[in-house]
Amino acid sequence: MAKFLALFNGAADEAGKAELTEQQQAEFIDAWASWAQTNEKALVDPGAPLNAKKLVTARGVEDFTDAMTGYTIVEADSHDEAVRIFSGHPHLGLFPGNSIAVLECPSPPT
């Protein structure tokens with residue numbers, strides 16, 4: 001089994017997010033909870049939103065913004081299996097253009 005980091009990318013701008021009704025927000029949260037329950041055996045870390053962001057470079061630290069809105073970590077037998085876990089995630093239907101990057105996180109050599 002390997003671990004996989006899923007990075008949620010949001011396509012909506014602040015105005016688009018503001019257009020979500022309370023009912024749409026509640027339906028999304030319910031759909032996410034249902035997805036998490038269905039995949040609970042694979043969830044290593046259910047994740048969280050990604051908010052205040054700092055970029056650290058040799059020149060210093062600066063605030064930055066990007067499309068990443070959250071993360072989740074799952075465990076799966078293969079990369080393809082991890083991708084299947086996220087293929088029906090409700091994030092994909094929340095806004096046109098939303099995506100989920102699924103990255104393998106191999107264990108360190110022993």
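Given the structure is predicted, the values throughout are model-derived calculations rather than measurements. Any value given below was found using the heavy atoms of this structure, including those in side chains, with hydrogens, waters and symmetry copies removed.
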Joint cluster assignment, [X] & [Y], ILVMFWY side-chain distance < 4.5 Å:
X     : Y      : answer
Met68 : Ile73  : yes
Trp35 : Phe8   : yes
Val83 : Leu103 : no
Leu7  : Phe86  : no
Phe95 : Leu92  : yes

Exercise. Which residues pass the salt bridge (charged side-chain N to carboxylate O under 4.0 Å, His left out) test with Lys53, sequence neighbours left out?
Worked result: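 Asp66.
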Seminar exercise, completed: Given the options Gln23, Gln24, Gln25, Glu27 meets side-chain hydrogen bond (donor to acceptor under 3.5 Å, both in side chains) only with Gln23
Without swapping roles, check the side chain of [X] against the backbone of [Y] for a donor-acceptor pair under 3.5 Å.
X     : Y     : result
Asn98 : Ala11 : yes
Glu40 : Ala36 : no
Thr38 : Ser34 : yes

Problem set entry | Evaluation steps, side chain to side chain contact (heavy atoms under 4.5 Å, CB included), between Phe28 and Leu20 | CA-CA 10 Å; Phe28 174 75; Leu20 280 180; over 6 Å; no
Exercise. Can you find a side-chain donor-acceptor pair between His89 and Trp32 that sits under 3.5 Å?
Worked result: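 A pair is found: one side chain offers a donor N or O, the other an acceptor, under 3.5 Å apart.
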Exercise. CG of Asp63 to CG of Leu55: how many Å apart, nearest 0.5 Å?
Worked result: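 One finds 10.0 Å between CG of Asp63 and CG of Leu55.
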